[in-house]
Engineer: 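There's a structure below that I have some questions on.
Within every chain, numbering begins at 1; the chains are lettered A, B, ... in the order of the sequence lines, protein sequences first and strands thereafter. Below, all heavy atoms of this structure are taken into account, side chains as well, without hydrogens, waters or symmetry copies. Quick caveat, the model's predicted, so the values are computed rather than measured.
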2 protein chains.
Amino acid sequence: MVRHMVNQQAALDSLFHALADPTRRAVVSRLLKGAAPVKQLSEPFEMGLPAFLKHLSVLEVSGLIRTEKHGRVRTCRVDAERLAAAEGWLSQQRAIWQGRADRLADFVESQNPPEQNA
Amino acid sequence: MVRHMVNQQAALDSLFHALADPTRRAVVSRLLKGAAPVKQLSEPFEMGLPAFLKHLSVLEVSGLIRTEKHGRVRTCRVDAERLAAAEGWLSQQRAIWQGRADRLADFVESQNPPEQNA
DNA sequence: AGAATAGTTTCCCATATGGCAAACTGATTC
DNA sequence: GAATCAGTTTGCCATATGGGAAACTATTCT
């Protein structure tokens, strides 16, 4: 099931890097509500198109979005599987911690009678 | 409930940036299994201590880890709440998309009789 | 055809990042 | 008190990143 760890690392690198910028997160957020062309996507932001295109490129390289051009307009849409991949790593890690936390909670509860939570 | 959006953005920036590096993810992963001192944490990696300390610093600034020094050894531990914060953004976004996907699924199902998935 | 539109490319700039080596501080051990 | 050990600081370097200006391409509108 786990195919070549190495590339998965690189995928996570570019995924998290793509999400580490407010402009790019806003674009993802916007695209989750529906596909849109580049110009329209760029309107809420103060930067010029070239700078904005770099952000789109980062998002596309990371796999978070896909784009296709018809005529002179390029339409962007989100690839939700990639978003799930990032979430997957996090929840996997949390599971590790939570496993410990649950065991700790079990231990604490086995020592003290349960009272109301603070 | 939502206290000053602006700082939340900055927090997400540094959170995702902290996670956008295999060394740092490995450290988080390791620390989720228990606290550890700097030297011991650094051993699996090829880089020198100064470089490694920079990674720890990025993790600490992001809030993903906390550290305290006793005598000459600095002990690092993970702050699971921050991990949850990153996961929170992602699952929140996914919820938006999933809401749409579910509605789309409902629509598709209302049009076609269910068959086996490809 | 000519003008406007949507992207794209190229070049440039300042700053951030990730790594190194070497010198240094403070705690512990011999 | 000398040596060692854990961590820190300081410079340095190459590359990556995020932004701009200007010139260019390819469509679409009039």
Engineer: At 4.0 Å (heavy atoms only), tell me whether B/P50 reaches a base, stays on the sugar-phosphate, or touches nothing.
Structural biologist: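 The residue B/P50 makes base contact.
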
Engineer: Closest-nucleotide mapping onto DNA chain D: is A/V73 or A/R24 further toward the 5' terminus? I mean the 5' end.
Structural biologist: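 Closest to the 5' end, via its nearest nucleotide, is A/R24.
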
Engineer: Just compare D/dG18, D/dA6, C/dG7 and give me whichever is closest to any side-chain atom of A/L49.
Structural biologist: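 Nearest nucleotide to the side chain: C/dG7.
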
Engineer: Between the main-chain N or O of A/L19 and the side-chain N or O of A/R25, is there a donor-acceptor pair closer than 3.5 Å?
Structural biologist: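 The answer is yes, because a donor-acceptor pair under 3.5 Å joins these two groups.
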
Engineer: Could you check whether the side chain of B/K54 and the base of C/dG19 have a donor-acceptor pair of N or O atoms closer than 3.5 Å, going by distance alone?
Structural biologist: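 Counting by modelled atom types and ignoring angles, a donor-acceptor contact under 3.5 Å is found here.
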
Engineer: How many whole angstroms separate atom CD of B/Q40 from atom C1' of D/dC5?
Structural biologist: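 In whole Å, D/dC5 C1' lies 15 Å from B/Q40 CD.
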
Engineer: Does B/H17 place a side-chain N or O at less than 4.0 Å from the phosphate oxygens OP1/OP2 of D/dT17?
Structural biologist: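 Checking D/dT17 against B/H17, no side-chain N or O comes under 4.0 Å of OP1 or OP2.
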
Engineer: Specify the separation, in whole Å, of atom CZ of A/F45 and atom C1' of D/dG18.
Structural biologist: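 Roughly 14 Å, once rounded to whole Å.
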
Engineer: Of the nucleotides D/dG7, D/dG19, C/dT8, which has the atom closest to the A/A51 side chain?
Structural biologist: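 The nucleotide sitting nearest to the side chain is D/dG19.
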
Engineer: Provide, to the nearest angstrom, the distance between the CZ atom belonging to B/R74 and the P atom belonging to C/dG26.
Structural biologist: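 Answer to the nearest Å: 14 Å.
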
Engineer: Nearest nucleotide by nearest heavy atom, which residue falls closer to the 5' end of DNA chain D, B/P37 or A/V58?
Structural biologist: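 The residue closer to the strand's 5' end, by nearest nucleotide, is B/P37.
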
Engineer: Can you tell me which nucleotide in D/dG19, C/dT8, C/dG19 comes closest to the side chain of A/K69?
Structural biologist: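 Nearest to the side-chain atoms of A/K69, counting from C-beta on, is C/dT8.
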
Engineer: Parallel, tilted or perpendicular for B/W89 and B/F16, by the 30°/60° rule?
Structural biologist: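 Perpendicular.
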
Engineer: Have a look at B/H70 and say if it touches a base, only the backbone sugar-phosphate, or nothing, with a 4.0 Å heavy-atom cut-off.
Structural biologist: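 Nothing, no nucleic acid heavy atom in range.
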
Engineer: Output yes when at least one side-chain N/O atom of B/H55 is less than 4.0 Å from OP1 or OP2 of C/dG19, else no.
Structural biologist: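 Result: yes.
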
Engineer: To the closest 0.5 Å, what do you measure between CG (A/L83) and CD (B/Q93)?
Structural biologist: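 The distance works out to 7.0 Å.
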
Engineer: Should the side chain of B/R72 and the base of C/dT28 be counted as holding a donor-acceptor pair, with the cut-off at 3.5 Å?
Structural biologist: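 Result: no qualifying N/O pair found.
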
Engineer: Taking CZ from B/F52 and P from D/dA6, how many angstroms apart are they, rounded to a whole number?
Structural biologist: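 Going from CZ in B/F52 over to P in D/dA6 covers 14 Å.
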
Engineer: Could you state the atom-to-atom distance from CD of B/E68 to C1' of D/dG7 in whole Å?
Structural biologist: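 One finds 16 Å between C1' of D/dG7 and CD of B/E68, rounded.
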
Engineer: Any salt bridge between B/E87 and A/R94, counting N to O under 4.0 Å?
Structural biologist: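 A salt bridge links B/E87 with A/R94.
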
Engineer: Rounded to whole angstrom units, what separation is found between the NZ atom of A/K39 and the P atom of C/dG7?
Structural biologist: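 Taking atom P of C/dG7 as the reference, NZ of A/K39 is at 8 Å.
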
Engineer: Please report, rounded to the nearest Å, how far the P atom of D/dA16 is from the CG atom of A/D21.
Structural biologist: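 Atom CG in A/D21 sits about 18 Å away from atom P in D/dA16.
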
Engineer: Calculate the interatomic distance between A/L53 atom CG and D/dG20 atom P; express it in whole Å.
Structural biologist: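 Going from A/L53 (CG) to D/dG20 (P), I get 12 Å.
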
Engineer: Is B/R82 reaching over with its side chain to a backbone N or O of B/S62, donor-acceptor style, under 3.5 angstrom?
Structural biologist: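 Yes; judged by distance alone, with no hydrogens or angles, the pair exists.
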
